[in-house]
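These figures come from a predicted structure and were not determined experimentally.
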Amino acid sequence: MVPLQAEALDISFKLLPAIMIFLMMASFLVIGYVFKVADTEGMWVAGRGIGNIENGMAIGANWMSAASYLGLAGLVALAGFYGLAFIVGWTTGYFVLLIFLAAQMRRFGKYTAPDFVGDRFNSPVARALAAFTTLLIAYVYSVGQARGMGLVGQYVFGLDIIPMIIVMMTITVGYLALSGMLGATKNMAVQYVILIVAFLAGVYVVGWTQGYSTVLPQIQYGALFSELSRQFSEPFLGDNTFYLWVATAFSLIVGTCGLPHVLVRFYTVQNERTARWSTVWGLFFICLLYWSAPAMAAFGVNLFEVTQGASAYAGTGGMTGAEGDVIVVLAAQFATLPTWFVGLVAAGAMAAAIATTAGLFITASSAVAHDIYTELINPDATQRQQILIGRVTIVVIGALVTVTAFNPPALIGELVAYAFSLAGIVLFPMFFLGLWWENTNKPGALAGMSAGLFIWITSIINSVLPSYVGFLAELAGGEGAAIVPIYAQYVPPIGAALVGTPAVFIITIAVSMVTDEPSMETKRLVRQCHSPEPMGQQQTAQDAVSTDGGEPPADD
């Protein structure tokens with residue numbers, strides 16, 4: 001299969017944007033070197049010393065991937081109102097995180113998401129399942145980021161997309177293997193500033209110069225609806241049904257609360273109060289972009305139709321998926337803005353993709369080095385061995401992601417949604433029940449996680465793989481078709497959590513109720529996560545339980 005190309009993109013070498021990208025990438029390498037780590041505390045949780053605003057910026061950068069910076073506007077541009085499901089889902093999920101998980105996860109105080117699952121449910125198998133899920137999420141999620149880097153690199157350097165993906169991913173893997181979580185967090189704060197300045201500047205300048213808006217493009221872009229295709233005025237066309245809208249939004253909400261690279265941000269802060277406030281700051285920083293993405297999509301679609309002389313939605317000669325993925329850059333290009341300014345917008349996209357890839361690769365490396373190698377294979381592993389295994393993992397997963405990104409199975413935003421669906425089905429129920437119902441036990445967790453993985457994997461096999469695997473395509477009756485259409489309709493990969501997450505909750509609760517309750521020590525550990533008593537910077541709930549003399553803590 002030939003990789004989808006963005007034909008409307010001006011693919012040529014551009015000196016000033018190339019210099020900007022080079023300086024930006026060099027600065028990331030320098031920051032990574034200055035804050036390089038030599039111990040596991042710095043490698044996985046940045047020494048637990050990050051403040052709330054800095055962590056909020058890191059959350060924003062970690063979150064606003066190529067899927068948000070490029071893909072979100074692309075989804076709105078190509079799918080109209082259906083694309084708003086992504087904005088609703090990705091934003092609402094942070095309110096759930098703020099209320100139910102942020103402070104409690106910080107009080108539990110481990111290194112990784114699988115660490116929480118393994119210790120909360122006292123099960124090496126549960127830890128292994130969570131680590132496998134973490135690796136799968138990092139892999140699927142990162143493919144979209146690599147794709148975004150390649151598309152932006154094409155615009156700036158004028159090369160084919162495949163060598164651009166290789167070059168950008170090589171630089172990213174290099175600085176991550178060097179710096180660990182501490183350097184990645186410092187870089188994320190810088191990356192957030194770059195990406196938000198670039199995106200907002202693009203929205204305001206494109207809107208102003210083309211007469212679309214004057215002061216508030218986030219509101220004024222609505223005037224364009226009457227000039228655009230009916231996808232912007234009729235919400236559910238073709239396969240984008242109301243059910244799919246609800247399923248997508250729900251999957252993104254619960255997926256937000258189950259993503260390991262998001263949850264680990266709460267382990268990097270000083271205390272539970274900082275965890276809460278960093279979530280508030282992160283939500284504010286995220287909303288700055290999300291309020292603006294639909295406006296950029298509308299501007300880009302209108303400019304595409306004007307400059308290309310074709311409807312953005314036409315089956316022939318219309319906007320391709322690759323062009324939708326770079327609609328933010330295309331909008332600035334079509335507005336005939338100076339090349340250096342379009343390069344600034346492109347640099348923001350690169351920063352967004354790298355920041356998210358950093359968080360994903362760090363969580364993947366910690367899952368292998370800490371949760372699999374140290375906890376399950378070699379309990380006597382030294383810190384040097386753990387860091388080495390972590391760095392090797394970053395290189396290996398980077399190579400796999402790079403190859404897959406040459407010809408991904410979906411748009412950037414859709415790829416990321418697959419990862420959210422997996423996180424929402426398998427990990428979110430474990431986090432929520434593990435923290436809020438002390439009777440959740442090991443058999444319940446194992447049954448729930450196994451069922452969740454089965455639901456998600458069968459959804460991918462049913463709907464996605466037939467486009468890539470010959471015998472599955474034959475079973476489905478043609479490339480792009482689903483093997484079991486009714487299953488694809490109600491358990492689509494992009495929204496599988498609408499069915500999967502409630503099913504996992506029910507299975508976990510039911511099995512926990514008919515099997516033995518957890519030990520009193522585990523129950524006290526859960527109660528400690530809700531205690532109003534402040535904890536020290538390096539203290540965990542386990543530390544507090546071991547020194548409280550057996551007294552149950554007062555609840556919030």
Side-chain angles (χ1 to χ4, degrees), residues 1-4 21 25 28-29 32-33 36-37 43-44 62 65-67 112 114 131-154 157 159-181 183-184 187 259-261 325 349-373 377 385-410 412 415-416 418-419 422 457 460 464-465 467-469:
M1 296 176 67
V2 177
L4 198 60
I21 296 288
M25 300 295 276
F28 297 161
L29 288 170
Y33 178 78
K36 63 181 182 294
V37 295
M43 185 73 178
W44 312 140
N62 208 3
S65 61
T112 67
F132 172 73
T133 303
T134 298
L135 285 170
L136 204 52
I137 289 169
Y139 169 66
V140 175
Y141 204 139
S142 297
V143 170
Q145 313 315 307
R147 180 71 178 174
M149 291 184 209
L151 286 168
V152 172
Q154 270 194 298
F157 296 100
L159 300 177
D160 186 65
I161 190 168
I162 290 179
M164 287 317 310
I165 291 174
I166 293 172
V167 170
M168 295 303 169
M169 284 298 294
T170 299
I171 295 173
T172 303
V173 166
Y175 103 74
L176 286 176
L178 177 71
S179 66
M181 180 59 85
N187 263 318
L259 285 176
H261 75 290
D325 275 341
M350 193 75 73
I354 292 172
T356 299
T357 304
L360 291 165
F361 280 18
I362 293 296
T363 56
S365 68
S366 62
V368 174
H370 177 72
D371 296 297
I372 296 176
Y373 180 71
I377 298 175
Q385 289 174 321
Q386 292 182 58
I387 292 175
L388 176 61
I389 295 293
R391 286 172 171 159
V392 169
T393 302
I394 289 173
V395 173
V396 172
I397 195 171
L400 290 173
V401 166
T402 300
V403 172
T404 309
F406 293 164
N407 187 30
I412 292 173
L415 279 168
V416 169
Y418 295 166
L422 173 60
I457 290 172
I460 293 293
V464 178
L465 292 189
S467 295
Y468 288 84
V469 181

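Atom CD1 of Ile354 and atom CD1 of Ile171 lie 7.5 Å apart (nearest 0.5 Å). Rounded to the nearest 0.5 Å, atoms CD1 (Ile161) and CD1 (Ile166) are 11.0 Å apart. Here the straight-line distance linking atom OG of Ser365 with atom CG of Asp371 works out to 10.5 Å at 0.5 Å rounding. In this structure, CD1 in Ile389 is found 11.0 Å from CD1 in Ile372, a value given to the nearest 0.5 Å. A distance of 11.5 Å separates OG1 of Thr357 from CD1 of Ile362, quoted to the nearest 0.5 Å. Atom CE of residue Met168 and atom CE of residue Met350 lie 3.5 Å apart, to the nearest 0.5 angstrom.
No option in Thr170, Val401, Thr402, Asp160 other than Thr402 meets the side-chain contact (heavy atoms from CB on, under 4.5 Å) test with Ile165.
For Thr133, the side-chain contact (heavy atoms from CB on, under 4.5 Å) partners two or more places apart in sequence, or in a different chain, are Ile137, Leu422, Val426, Leu427, Leu453. Legend: residues meeting side-chain contact (heavy atoms from CB on, under 4.5 Å) with Val392, ordered by chain and number and at least two apart, are Leu388, Val396.
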Intermediate values then yes/no, side-chain contact (heavy atoms from CB on, under 4.5 Å), Val395 and Arg391: CA-CA 6 Å; Val395 173; Arg391 286 172 171 159; 5.9 Å; no

Evaluation steps, side-chain contact (heavy atoms from CB on, under 4.5 Å), between Phe361 and Gln145: CA-CA 12 Å; Phe361 280 18; Gln145 313 315 307; over 6 Å; no

Full working for side-chain contact (heavy atoms from CB on, under 4.5 Å) between Val167 and Phe157: CA-CA 11 Å; Val167 170; Phe157 296 100; over 6 Å; no

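Across all their heavy atoms, Val173 and Gly398 have their closest contact at CG2-CA, 4.0 Å. Between Tyr139 and Ile397, the shortest heavy-atom contact is N-CD1, 4.1 Å. Nearest heavy atoms, Gln154 versus Met164: N-CG, 3.7 Å. Contact detail for Ala367 and Pro114: the closest heavy-atom pair is CB-CG, 4.4 Å. Looking at every heavy atom in both residues, Ala369 comes nearest to Gln386 through CB-O, 3.2 Å. Taking each heavy atom of Ala419 and Val140 in turn, the nearest pair found is N-CG1, 4.0 Å.
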